[in-house]
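Taking it in order: structure first as structure tokens, then the write-up.
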Amino acid sequence: KNEVEQSPQNLTAQEGEFITINCSYSVGISALHWLQQHPGGGIVSLFMLSSGKKKHGRLIATINIQEKHSSLHITASHPRDSAVYICAVVYGGSQGNLIFGKGTKLSVKP
Amino acid sequence: DGGITQSPKYLFRKEGQNVTLSCEQNLNHDAMYWYRQDPGQGLRLIYYSQIVNDFQKGDIAEGYSVSREKKESFPLTVTSAQKNPTAFYLCASSIGVPSYNEQFFGPGTRLTVL
């Protein structure tokens, strides 16, 4: 079962480009999280949202509840943005726990 | 500095041996989680605990055991019954349920069974 689908799986960009990573889910959710995993394995929470849009620095996350879709945008991308970006959702059937997508591996070239 | 620590970062064990992975947090969080990550797959929940002295099985609990005797600590034991234990293990914590609360992750332990 794949409640959470991310696209693309891999993404290569040039420094300065605008990046979009997509996340689609198949169930009604109570929250959606965007996470960043660096090459060493550590994971950092970027956003948690249940509606609308959030912005932090060059990162923007949006969610469309009706379409069951969220996007993570990176403006003016930089090589230090290279990481795996993971979408995770919480829904009624998950006992309040996170269900994770497989991640999008982003590589930003200088 | 508040955070989550996991030790060791790399762990090697012989097949058939039990091994315990450490997870400690000083964030005063009630909830703690153990996840497993395999190449090409999303994180999968092994066990979680929402309060001291209580824990619940996640999606892939078979071959694992946990304890939660202290709020700060949530060790995971990988037993010999786990058929494919080689993986990257991540511990996380949050104030409460993920519906409303950010999860904080430890640096992970990479377990290799030889």
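First the proteins, then the strands, lettered A, B, ... as listed; each starts at 1. On a predicted model such as this, the values are computed, not experimentally measured, just so you know.
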Which atoms of [X] approach chain A - backbone, side chain, both or neither, heavy atom under 4.5 Å:
X	result
B/Q56	neither
B/Y35	side chain
B/E102	both

Among the listed options A/G40, A/A31, A/G41, the residue most often paired with chain B at heavy-atom distances under 4.5 Å: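 Looking at each option in turn, the highest pair count goes to A/G41.
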
Using heavy-atom distances under 4.5 Å, tell me whether [X] contacts chain B through its side chain, its backbone, both, or neither.
X	value
A/Q37	side chain
A/I29	neither
A/I86	side chain

Report yes or no: do [X] and [Y] belong to one cluster of Ile/Leu/Val/Met/Phe/Trp/Tyr joined by side chain heavy-atom distances under 4.5 Å?
X	Y	answer
B/L27	B/V52	no
B/L90	B/I60	no
B/V66	B/Y33	no
A/V4	A/I21	yes

Heavy atoms from other residues, nucleotides or ligands near [atom1] of [X] exceed 12 (cutoff 6.0 Å):
X	atom1	answer
B/K71	NZ	yes
B/K57	NZ	no
B/I51	CD1	no
B/Q17	CD	yes

Please round to the nearest 0.5 Å and tell me the distance separating atom [atom1] of [X] and atom [atom2] of [Y].
X	Y	atom1	atom2	answer
A/I43	B/L43	CD1	CG	4.5 Å
B/R44	A/N97	CZ	CG	15.0 Å
B/N101	A/H33	CG	NE2	8.0 Å

Pairwise side-chain contact, B/F105 with A/L35, heavy-atom cut-off 4.5 Å (strictly under):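 In short, these two side chains touch, coming nearer than 4.5 Å.
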
Interface residue of largest heavy-atom contact number with chain A, from B/G40, B/A31, B/G108, under 4.5 Å: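 Option with the greatest count: B/G40.
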
